[in-house]
Amino acid sequence: MEISESVIVRSSRLKSVVWNDFDRVKKGDTCVAICRHCKKKLSGSSTSGTSHLRNHLIRCRRRSNHDVAQLFASREKKKEGAVTLSNYTFDEDQRKDEVLNVVNIKFEQDQVKDGISNIGNNVIDQKRSRFDLARMIILHGYPLTMVEHLGFKIFVKNLQPLFDLVSLNGVEADCMEIYEKEKQKMYEVLDKLSGKISLGADMWNASGDVQYLCLTSQYIDESWELQKKILNFVIMDPSHTEDMLSEVIMTCLMDWDIDRKLFSMSLDCCSTNDNIMCRIRDRLSQNRFLLCDGQLFDIRCAANLVNMMVQDALEALSEVTCKIRESIRYVKSSQAVQEKFNEMAQQARVEGQKFLCLDNPLRWNLTYFMLEAALEYKDAFSLLQEHDSAYTMCPSDTEWERAGAIAGYLKLFIEVTHVFSGSKYPTANIYFPEICDIHLQLIDLCNSSDILISTLALKMKSKFDEYWKKCSLALAVAAILDPRFKMKLVEYYYSKIYGSNATVHIDDISVSIKALFNEHAICSPLASLDQGLAWQVGGSGRLSAGNYSRDRLLGFDKFLHETSQSQSVKSDLDKYLEEPLFPRNVDFSILNWWKVHTPKYPILSMMARNVLGIPMSKVALDSAFNMEGRVLDHDRSSLSPATVQALVCAQDWMRNELEDSKSFSSHSTLPLCVDTSQQVNGMVA
């Protein structure tokens with residue numbers, strides 16, 4: 001239908017503003033609405049309404065370009081804020097009607113009144129858009145400098161010409177503002193938390209010999225979900241002393257006001273960390289913040305212990321490992337050698353299912369995989385040496401035996417590490433059987449007839465004994481709080497470890513767990529009157545100021561509670577231990593079990609929340625096998641310390657937004673910290 005053959009309708013009944021962009025044309029009994037910008041024809045019947053016309057205006061490219069041109073023509077041009085896009089053409093092949101050509105157009109970074117830009121029916125909130133950009137940078141770990149990239153500027157201006165491009169300083173300021181808001185939210189969460197909080201500390205390297213102290217809280221919230229949140233990422237002087245480091249940690253604790261809530265603290269297995277831990281524990285003990293005089297306060301990272309023993313094992317096997325590595329490299333040096341090796345494998349009747357591969361010395365699990373595959377072909381390597389005079393680096397029979405013994409132990413370490421780091425935030429109860437298995441293996445290796453193996457075992461056991469001395473109580477208590485095991489698992493392993501002396505150690509654990517329960521009972525507002533525990537307790541878990549004089553009778557409170565145990569009323573702990581074990585189930589969730597049984601064990605469940613939330617290991621699976629230390633990436637290292645802390649902490653706090661997204665995957669976040677630097681020697685590292 002041609003317009004010339006039709007009549008343009010001018011009617012006062014056309015009240016909608018959409019008719020400012022359409023002509024209503026009538027031919028016979030049919031009405032058509034023709035867009036004044038792109039001349040597209042749509043239904044103009046009065047029964048069709050105007051929604052379809054509005055939708056078309058939103059998509060109409062010619063109309064948008066026309067309005068944009070009018071808007072920018074009316075703006076005052078500023079050289080400093082102008083971004084020139086010339087000779088760029090963007091074409092969406094899939095939709096020809098949405099081709100966008102941008103040629104010789106200048107977009108201004110002019111401030112729009114009230115932060116709102118408006119073209120027709122399109123409105124953009126400048127402040128909200130800036131914060132969306134900043135949140136995206138934080139969440140995904142993008143470099144702040146991306147806002148200065150030409151490609152990013154072109155993309156944004158074609159996506160939304162009205163958006164005022166943000167400078168590097170501007171986006172950094174927006175990120176800092178978001179960090180402050182998120183920090184306040186995090187502070188309120190920790191303040192309202194009724195249970196205790198455990199803390200983990202790690203040292204990270206950055207460019208230029210700069211080090212950062214990362215403090216991470218771990219706790220079980222009111223919904224019985226294990227939470228892990230970075231609280232501080234503080235720059236440290238490379239020459240820091242133990243006193244300085246302990247003061248920094250205490251300052252951070254008091255800044256968050258969680259020194260009164262601290263239950264345990266996890267550091268790496270390093271002798272210099274002993275003094276740091278003692279100083280912090282003494283400070284907290286002065287204010288009587290720690291339960292049971294801090295018996296469960298000093299925790300060492302189990303994954304770090306494993307890595308230290310792995311280093312000992314690989315060092316003892318270094319010469320053999322070098323021979324195996326060179327042997328594999330020789331076999332892969334040419335096609336002829338590879339074919340000859342395959343012939344030797346057939347002669348030796350090797351039915352190897354694994355492929356020979358070189359390791360990455362920086363990833364000890366890859367070294368194990370190399371040893372494991374090579375051991376399957378050890379007879380083939382021996383035959384190759386007999387038939388190939390150029391091959392001279394074959395390990396001896398004794399060396400193969402040593403490699404097999406140590407590889408078997410490395411296999412155990414890998415299995416244990418997967419248990420430690422396999423789940424996102426593993427609860428403390430899973431560590432006891434794994435650590436006990438390592439203990440038993442060390443005892444066996446110490447009795448080896450091979451001097452090299454027994455010497456290695458003694459060296460590793462000395463490190464293990466230091467760890468066991470500090471952490472065995474926490475490991476056992478956490479295992480007892482698993483309803484599938486209770487005291488039985490402790491009795492089983494202790495009988496294997498201690499033999500005839502097992503009863504003494506089991507009794508020590510029993511006394512300690514009762515003492516810990518009693519202190520929770522005294523400090524708990526959930527304590528029932530039936531158990532004689534109607535204590536006047538303040539909201540923070542300490543005696544209220546109005547009853548401060550009763551603090552002098554704290555010993556009497558303990559005496560009264562302990563003597564009441566001989567009466568007919570049984571405590572939560574007694575009832576829990578007397579009931580049958582919960583069936584072992586693959587799908588068992590210990591946190592869900594305690595959530596369901598909280599009404600039945602009100603005091604013991606509070607104790608379980610505190611104990612199960614202890615970070616027995618601080619290493620994630622993606623860095624568990626790394627032989628080197630942790631390092632901040634290059635982009636973050638170039639920023640100011642305050643900005644680095646804001647980005648690291650805010651990303652961690654906002655991570656739930658990504659996890660709740662259906663499209664979220666493990667590849668959607670760029671890590672702020674990567675494990676490629678050298679191991680940090682000394683404190684906390």
Side-chain angles (χ1 to χ4, degrees), residues 186-201 215-232 249-250 252-267 277 280-299 425-429 431 470-471 473-478 480-481 512-527 533 535 537-543 554 572-573 590-591 594-595 598 601-618:
M186 192 69 237
Y187 182 90
E188 293 172 359
V189 168
L190 297 179
D191 184 60
K192 294 177 182 178
L193 189 68
S194 61
K196 295 285 187 176
I197 299 171
S198 292
L199 197 70
L215 294 179
T216 306
S217 64
Q218 185 163 302
Y219 57 90
I220 296 174
D221 63 18
E222 310 298 334
S223 300
W224 282 91
E225 293 183 1
L226 190 61
Q227 302 291 341
K228 188 175 182 180
K229 303 291 182 182
I230 296 176
L231 299 183
N232 294 92
I249 294 174
M250 282 302 304
C252 292
L253 291 176
M254 290 185 287
D255 178 55
W256 285 98
D257 194 23
I258 60 172
D259 53 325
R260 58 191 172 86
K261 291 187 174 184
L262 201 61
F263 186 73
S264 70
M265 186 168 178
S266 179
L267 300 179
M277 195 70 81
I280 297 174
R281 180 166 51 193
D282 290 344
R283 288 279 299 275
L284 297 174
S285 297
Q286 290 175 4
N287 296 316
R288 307 179 73 171
F289 289 154
L290 298 178
L291 297 176
C292 288
D293 296 325
Q295 288 188 57
L296 272 65
F297 178 72
D298 188 352
I299 303 297
Y425 301 134
T427 49
N429 60 298
Y431 293 87
K470 291 181 173 66
C471 302
L473 177 59
L475 291 167
V477 171
I480 293 170
L481 291 173
S512 297
I513 194 172
K514 288 179 180 178
L516 183 63
F517 172 80
N518 290 340
E519 292 213 16
H520 276 84
I522 292 170
C523 298
S524 171
L526 298 175
L533 298 172
W535 316 119
V537 181
S540 65
R542 292 172 288 171
L543 293 172
L554 184 61
D572 285 0
L573 180 61
I590 190 170
L591 296 183
W594 278 107
K595 180 179 181 180
T598 294
Y601 308 112
I603 301 172
L604 190 61
S605 63
M606 177 181 292
M607 175 175 152
R609 279 179 61 184
N610 296 336
V611 173
L612 296 176
I614 296 176
M616 302 303 300
S617 177
K618 307 180 282 85

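Side-chain contact check for Ser285 versus Asp293: every heavy-atom pair is 4.5 Å or farther apart. A heavy-atom distance below 4.5 Å is found between the side chains of Leu262 and Leu199. You'll find the side chain of Lys261 stays beyond 4.5 Å of the side chain of Leu190, heavy atoms only.
With a 6.0 Å radius and a threshold of 12 heavy atoms from other residues, nucleotides or ligands, Lys470 has its NZ atom above the threshold.
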- Message: Please determine whether side chain to side chain contact (heavy atoms under 4.5 Å, CB included) holds for the pair Ile280 and Met265, giving the CA-CA distance in whole Å, both sets of side-chain angles, and the decisive distance to 0.1 Å.
- Response: CA-CA 9 Å; Ile280 297 174; Met265 186 168 178; 3.8 Å; yes

Using side chain to side chain contact (heavy atoms under 4.5 Å, CB included), reason through Arg283 and Phe289 one step at a time and then give a plain yes or no. CA-CA 9 Å; Arg283 288 279 299 275; Phe289 289 154; over 6 Å; no

Q) Does the pair His520 and Leu604 meet the rule for a side chain to side chain contact (heavy atoms under 4.5 Å, CB included), with working shown? A) CA-CA 8 Å; His520 276 84; Leu604 190 61; over 6 Å; no

- [ ] Decide side chain to side chain contact (heavy atoms under 4.5 Å, CB included) for Trp594 and Ile220; before the verdict, give the C-alpha distance in whole Å, the side-chain angles of both, and the deciding distance to 0.1 Å.
- [x] CA-CA 11 Å; Trp594 278 107; Ile220 296 174; over 6 Å; no

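Scanning both residues, Ile197 and Ser217, for their nearest heavy atoms gives CG2-CB, 3.8 Å. Closest approach of Ile299 to Ser264, counting heavy atoms only: CG1-CB, 4.0 Å. The minimum heavy-atom distance between Ala608 and Leu481, with the atom names listed, is CA-CD1, 3.8 Å. Of all heavy-atom pairs between Lys196 and Tyr219, the closest is O-CB, 3.7 Å. Across Leu516 and Met607, no two heavy atoms sit closer than the pair CD2-CE, 3.7 Å. Smallest separation of non-hydrogen atoms from Asn232 and Cys252: OD1-CB, 3.5 Å.
A search for salt bridge (Lys or Arg N to Asp or Glu O under 4.0 Å) contacts involving Asp191 returns Arg260, not counting sequence neighbours. Residues forming a ring pair (Phe, Tyr, Trp, His ring centres under 6.0 Å) with Tyr431 (at least two apart in sequence, or on another chain): Phe420. The salt bridge (Lys or Arg N to Asp or Glu O under 4.0 Å) test applied to Asp259 returns no partner, not counting sequence neighbours.
Salt-bridge annotation for Arg609 and Glu222: present, with a side-chain N of the basic residue lying under 4.0 Å from a carboxylate O of the acidic one.
Using a distance-only test at 3.5 Å, with no hydrogens or angles considered, no donor-acceptor pair links the side chain of Gln218 to the main chain of Lys228.
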